[in-house]
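Below, chain A is the first sequence line, B the second, and so on; all start at residue 1.
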Number of protein chains: 2
Amino acid sequence: MRRAKLNELDPATTVDKEDKILLGAMQEFLAHGYVATSMDRVAAAAGVSKATVYSYFKDKEGLFNALMSRLAQERIMDIELQLEPPELALRQLAETLIKKMESDHQFLGFLRLVIGESGRFPELAQMFLRNFAQIVIERLTSYLASRPELNLPDPEATARIFLGSALYFIVTQELLHGKEIIPIHRDRIVDGLMHLILGSKNHG
Amino acid sequence: MRRAKLNELDPATTVDKEDKILLGAMQEFLAHGYVATSMDRVAAAAGVSKATVYSYFKDKEGLFNALMSRLAQERIMDIELQLEPPELALRQLAETLIKKMESDHQFLGFLRLVIGESGRFPELAQMFLRNFAQIVIERLTSYLASRPELNLPDPEATARIFLGSALYFIVTQELLHGKEIIPIHRDRIVDGLMHLILGSKNHG
DNA sequence: GTCTATAGATCGATAGAC
DNA sequence: GTCTATCGATCTATAGAC
């Protein structure tokens, strides 16, 4: 079955044991990372005994992988791109993307975990790329490629610069707590991107 | 005293105890992260007893902070920007920056650690921003601002897009093991950046 | 100063009662 | 199925010998 999205479940009213455990695991893993999370704390957060956790999942790594692939599947990122005009579509995409990421503390914890554990769990990193990066890159690339008036010799490279700028903003401002060290407003990145992609024709 | 750079020390011939310990700590922390690194393994890697480690550093967190601030200070990043012509200066900067980062496994481990532990050690993240990001942003910003022919309404935003694209490349290709999932060659990012910044005037 | 040995806590994982 | 209780390993940190 498993219709409910983990993020939308209420820890107090969830009855399904597996979901309860995954909810507790999500809370602990996203907050403290893989190694610093203990199965005792997961069990306590889930409201079950540790033995029950082990009856549903083989071991700590199995629980972690189950949680991460569930989270990645539930939150596969997709983007909407209206067709006209490109100026508006691209600006809206950049704004929506950044706003969504920076307001979603669960996603920020997920991102930190994926990067932080990318040495220990390379397959987790690659799953993240498949479910979050790849689709968005392809969508944006084909959109840019379908707009010859933008005069982009390499739409995919442009798409990656576009998305990379959004990632840079999130990493420096949110993950690395850079708001007081190297602050910058979201709009300036978006406007800068728009100016670069659309060329100087729209600017004085 | 402390003249020697940690990275250039030979573990076999280093006699200073503090440096030996920091060398062992560097090896363990960069490879396994903060929590997964034990003081026993640090002592073994350093070739001293655990008690000796504690006689030089108050506790695990103190050792970690000492190591990280030493690494950050030793490797403060700076960039060289030749003045003319901007096309060449910017291209060379992007190439050098990416090549340096992707070939420096110690830096990649450092970056992974900083991001992964940015929840537990926010001051570490901010130290990283001060020593690696801030200076480069300022340098590149003032260079871009001194080139009115580039017609950039917001040089700092452009500098961040520029540097963010390099960071994006490193994070996706190296840290997240994306070379087989979403591969792209460094040159395409660099060329794409050049095309965007220099405008369409240089491209057919 | 540097070591060995160990205390005290916590870890992942499991046995056995119900 | 779910619990309590516990095992053996490992952790941080320190005491005490030399």
Side-chain angles (χ1 to χ4, degrees), chain A residues 1-2 4 9 11-69 113 116-117 119-121 123-124, chain B residues 1-2 4 9 11-68 113 116-117 119-121 124:
Chain A
M1 212 52 105
R2 186 179 295 171
L9 282 180
T13 62
T14 301
V15 288
D16 184 74
K17 278 278 161 62
E18 192 173 325
D19 284 347
K20 279 188 76 168
I21 295 170
L22 287 173
L23 269 174
M26 177 177 69
Q27 176 187 312
E28 296 299 317
F29 279 124
L30 291 188
H32 308 110
Y34 178 76
V35 187
T37 293
S38 73
M39 298 297 267
D40 284 278
R41 293 174 67 93
V42 169
V48 301
S49 76
K50 190 162 59 168
T52 301
V53 175
Y54 278 97
S55 77
Y56 281 86
F57 302 93
K58 186 200 167 201
D59 52 18
K60 186 180 179 180
E61 192 172 322
L63 171 62
F64 181 71
N65 285 328
L67 171 68
M68 289 297 126
S69 66
L113 191 59
E117 303 293 350
R120 203 189 319 268
F121 296 101
E123 342 77 37
L124 168 63
Chain B
M1 212 54 104
R2 185 178 296 171
L9 281 181
T13 62
T14 301
V15 287
D16 184 75
K17 278 278 162 61
E18 193 173 323
D19 283 347
K20 279 189 77 169
I21 296 170
L22 286 174
L23 268 174
M26 178 176 70
Q27 176 186 315
E28 296 298 317
F29 279 125
L30 290 188
H32 308 111
Y34 178 76
V35 187
T37 293
S38 74
M39 297 297 266
D40 285 278
R41 294 174 65 94
V42 168
V48 300
S49 75
K50 191 162 56 168
T52 299
V53 175
Y54 278 97
S55 77
Y56 281 86
F57 302 95
K58 189 199 166 200
D59 52 18
K60 185 180 180 180
E61 193 173 320
L63 171 60
F64 181 72
N65 285 327
L67 170 67
M68 288 297 127
L113 191 58
E117 303 293 350
R120 203 189 319 268
F121 296 101
L124 168 63

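Using a 4.5 Å heavy-atom threshold, the side chains of B:Met68 and B:Leu30 count as touching. Under the 4.5 Å side-chain criterion, counting only non-hydrogen atoms from C-beta, A:Val42 is not in contact with A:Phe64. A heavy-atom distance below 4.5 Å is found between the side chains of A:Asn65 and A:Phe121.
A pairwise comparison of heavy atoms in B:Asp40 and B:Lys50 identifies OD2-NZ, 3.2 Å as the closest pair. When every heavy atom of A:Ala43 is checked against every heavy atom of A:Ser49, the shortest pair comes out as CB-C, 3.8 Å.
The phosphate of C:dT2 (OP1 or OP2) has a side-chain N or O of B:Lys17 nearer than 4.0 angstrom. Contact annotation: A:Tyr56 does not reach the phosphate of D:dG1 (side-chain N/O to OP1 or OP2, under 4.0 Å). Under 4.0 angstrom from either OP1 or OP2 of C:dC3 there lies at least one side-chain N or O belonging to B:Thr52.
A:Lys20 has its NZ atom 17 Å from the P atom of D:dG1, to the nearest Å.
Contacts classified as side-chain hydrogen bond (donor to acceptor under 3.5 Å, both in side chains) and involving residues 23-38 of chain A (residues at least two apart or in different chains) are given here: A:Glu28-A:His32, A:Glu28-A:Arg41.
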One character per nucleotide, please: for nucleotides 4-18 of chain D, 5' to 3', B when the base has a protein heavy atom closer than 4.0 Å, S when only the sugar-phosphate does, - otherwise. B------SBBBB---
